[in-house]
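Naming convention: chains lettered A, B, ... in sequence-line order (proteins, then strands); numbering from 1 in each chain.
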Amino acid sequence: MSEEVKKEERSLNFLEEIIEEDLKNGRYKSIVTRFPPEPNGYLHMGHATSICLNFGLSKKYGGYTNLRFDDTNPTTEEIEYVESIKDDIRWLGFEWKNEHYASDYFDQLYEYAVTLIKKGLAYVDDSTSEEIAAMKGTPTEPGKNSPYRDRSVEENLNLFERMKSGEFPDGTHTLRAKIDMAHTNMLMRDPVLYRIKHAHHHQTGDKWCIYPMYDFAHGQSDSIEQVTHSICTLEFVPHRELYDWLIEKLEIYPSHQYEFARRNLSYTVMSKRKLLQLVTERHVAGWDDPRMPTISAMRRRGYTPDSIREFCDRVGIAKRENLTDVGLLEFCVREHLNKIALRRMVVFDPLKVVITNYTAGEETVVSENNPEDPDGGSREIPFSNELYIEREDFMENPPKKFFRLAPGKMVRLKSAYIVQCNEVIKDMEGNITELRCTYIPESRSHNDTSGINVKGTLHWVSVKHAATAEVRLYDRLFKVEDPGSEEGDFKDYINPESLQVVKAVYAEPSLKSAKFDERYQFLRKGYFTLDKDSSASGMVFNRTVTLKDSWKPLASKG
RNA sequence: UGCCUUGUAGUAUAAUGGUAGUACGACAGAUUCUGGCUCUGUAUGUCAGGGUUCGAAUCCUUGCAAGGCAACCA
């Protein structure tokens, strides 16, 4: 209820304002958006923003969203990416209305080109790409007309037909729009519409040897699908003039393009080129290496789709350049995981504790699965006189506000007893090897009559019941906020400690039945999920994100 | 030395001529059988100058800064 109110009161972003205005004055009855990935790479956090935006808008305003693959360049695109892209969108929790390919429209697009030629608005140019570039001018100087610019309609029609039929080799001819070589917008200086590529296409096979350029495919595809709001990133702002020009000259359904600023995240890179470099140069293990900002990597790392959607929602959209603090993403991940993760105790760096006055041998204690979830149930944990605690939870000479174990001090062992440290055992080099403690029998959890209050509560596992597992601790991939803007190569700023592997941690036995779709909070350590590298011979857990740590005296965790 | 975008706390985003808000982060405190969660509080902002107006983050103007534009990529 209160959440409803909150949502209604939330102010609109500039696209929502435009849409509400369009709806209000009857320009559209409902809206159609599209998500138009090029199948030449994996989806990343930037795409997630666009997905949440496009699908979110159509959902909010009662329309629908198409998935359309922008597959106009067969030499760089592959079918493999089509499937991964669809998986990622579904995983994020969205469903498209229609699945389209720009290549579905190649016949129609060809007809549009013919229309333009007939109107005297397009011509076949025999210039090489170098010549075209040379004649283009510069942002401050006008370009020059191509010598082929004034061919007759008949000649253009004939040549374009022969381009299509495969008569010419790659690069010998292009179809160009006839606009204005002195235009202040470089994109309006007779942009190339079609080029010859004798290449096999993953959707159309060998049917075509000419392929439309982005500008002659995207807007037209939007129009064919009657997309009302075609939302893209800021770098396409100059393309809008051409987008509108083509729609106007072709006299087709007037889709409109709107641009927002792409989402940049701190401590990572987002460009396909850089991401590819990280993979091919083996700085990461692959596209789904949990340190990558790709959707598949975030999924593997244990991020939930809910948390990514929440992040996109909170961060909002606008038109200015931004570098969003990855801390906000981490906050959203923690916020969701806190609600759903099962609590488990796992000791990473064991220090043995012997409870000298515990004579029962062993017993079972009960602990809640999730204090945030009253219906989460509980589990049983074996307790015995030989335990492991975290080595960093003991200090021989503790500073003032150290709430953990120290000689003579007492702590609560989570869901079990209060213990007091009586003796510190060391080896010949002076390393602490074992702690001798006594427990307070009346302090048993849920039934504590001891009257003793302790400040610290530690996680622990019983030595002889412990299960072992490998744990992979991930941190930010880069040491600096914006690797792309630093001096030199962005790869110089890779965080050498972005992955730390702990080969054997000691886990409470209930984790032996850990499942892949389950999220865990290892008490006081962070959120974890089972990695796909797990096998019968051993479990591997990924740390999704740490717990927030506000302990200052010792901690220097960022 | 052209054209197009954009400038609001550290970050992101509101305020659409009428009290500069919110979230994350930071800091301080309360609570706690997780130094988590939760709760309370504090600090920090309109790029700059000029103009219009009773009143300007908002309108005008001049600067400044950042980003984009010269692929047969998308």
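- If you take CZ of A:Phe236 and P of B:C73, they are 14 Å apart, rounded to a whole angstrom.
- Across all strands, A:Asp215 comes closer than 4.0 Å to no nucleic acid atom at all (heavy-atom distances).
- The salt bridge (charged side-chain N to carboxylate O under 4.0 Å, His left out) test applied to A:Lys409 returns no partner, not counting sequence neighbours.
- The separation between A:Phe216 atom CZ and B:A74 atom P is 13 Å, rounded to whole Å.
- As a whole-Å value, the separation of A:Tyr211 OH from B:C73 P is 13 Å.
- Within 4.0 Å of A:Thr546, counting heavy atoms only, lies no atom of the nucleic acid at all.
- Every residue meeting the side-chain contact (heavy atoms from CB on, under 4.5 Å) condition with A:Asn322, not counting sequence neighbours, appears here in chain and number order: A:Ala261, A:Arg263, A:Asn264, A:Thr324.
- The distance from atom OH of A:Tyr194 to atom P of B:C72 is 17 Å, rounded to the nearest whole Å.
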Is there any protein nitrogen or oxygen under 3.5 Å from a nitrogen or oxygen in nucleotides 38-43 of chain B, and what are the pairs?
none

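- In this view, A:Ser367 and A:Ser415 satisfy the side-chain hydrogen bond (donor to acceptor under 3.5 Å, both in side chains) rule, not counting sequence neighbours.
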Reading nucleotides 2-10 of chain B 5' to 3', which nucleotides get B (base under 4.0 Å from a protein heavy atom), which S (sugar-phosphate only), which -?
BSS-S-B--
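- For the side-chain contact (heavy atoms from CB on, under 4.5 Å) test, residues two or more places apart in sequence or in another chain that qualify with A:Lys339 are A:Glu335.
- Across all strands shown, A:Leu547 has heavy atoms under 4.0 Å from base atoms, whether or not it also approaches the sugar-phosphate.
- Under the 6.0 Å cut-off for aromatic ring centres, A:Tyr506 and A:Phe348 do not qualify, their centroids lying 6.0 Å or more apart.
- Across the protein-nucleic acid pair, A:Leu12 atom CG and B:G21 atom C1' stand 16 Å apart, rounded to whole Å.
- Between A:Ser550 and B:G36 there is a side-chain N or O to OP1 or OP2 distance below 4.0 Å.
- The side-chain contact (heavy atoms from CB on, under 4.5 Å) test applied to A:Ser165 returns A:Arg162, A:Glu167, not counting sequence neighbours.
- Scanning for side-chain contact (heavy atoms from CB on, under 4.5 Å) contacts around A:Ser221 gives A:Arg68, A:Ala102, A:Tyr105, with sequence neighbours left out.
- A distance below 6.0 Å separates the ring centres of A:Phe106 and A:His201.
- Note on A:Lys197: a side-chain N or O is less than 4.0 Å away from OP1 or OP2 of B:C73.
- A:Arg334 comes within 4.0 angstrom of nothing in the nucleic acid, heavy atoms only.
- Rounded to whole Å, the distance from CG on A:Leu265 to C1' on B:C24 is 13 Å.
- As judged by a 4.0 angstrom heavy-atom cut-off over every strand, A:Lys136 is placed among residues touching the sugar-phosphate backbone only.
- The residue among A:Ile317 and A:Thr174 whose nearest nucleotide of RNA chain B lies closer to the 5′ end is A:Ile317.
- Qualifying side-chain hydrogen bond (donor to acceptor under 3.5 Å, both in side chains) partners for A:Tyr520, counting only residues two or more places apart in sequence or in other chains: none.
- A:Tyr211 places a side-chain N or O within 3.5 Å of a backbone atom of A:Ala199 that can act as its donor or acceptor partner.
- When the side-chain hydrogen bond (donor to acceptor under 3.5 Å, both in side chains) test is applied to A:Glu21, no partner is found at least two apart in sequence or on another chain.
- Atom CZ in A:Phe348 sits roughly 14 Å away from atom C1' in B:U34 (whole-Å rounding).
- Taking atom CG of residue A:Leu329 and atom C1' of nucleotide B:A23, one finds them 14 Å apart after rounding to whole Å.
- Base pairing in RNA chain B yields stems of at least 3 consecutive Watson-Crick or G-U pairs, both distances under 3.5 Å, namely B:2-7 with B:64-69, B:10-13 with B:21-24, B:26-30 with B:38-42, B:47-51 with B:59-63.
- Under the side-chain hydrogen bond (donor to acceptor under 3.5 Å, both in side chains) criterion, A:Tyr303 pairs with no residue, sequence neighbours left out.
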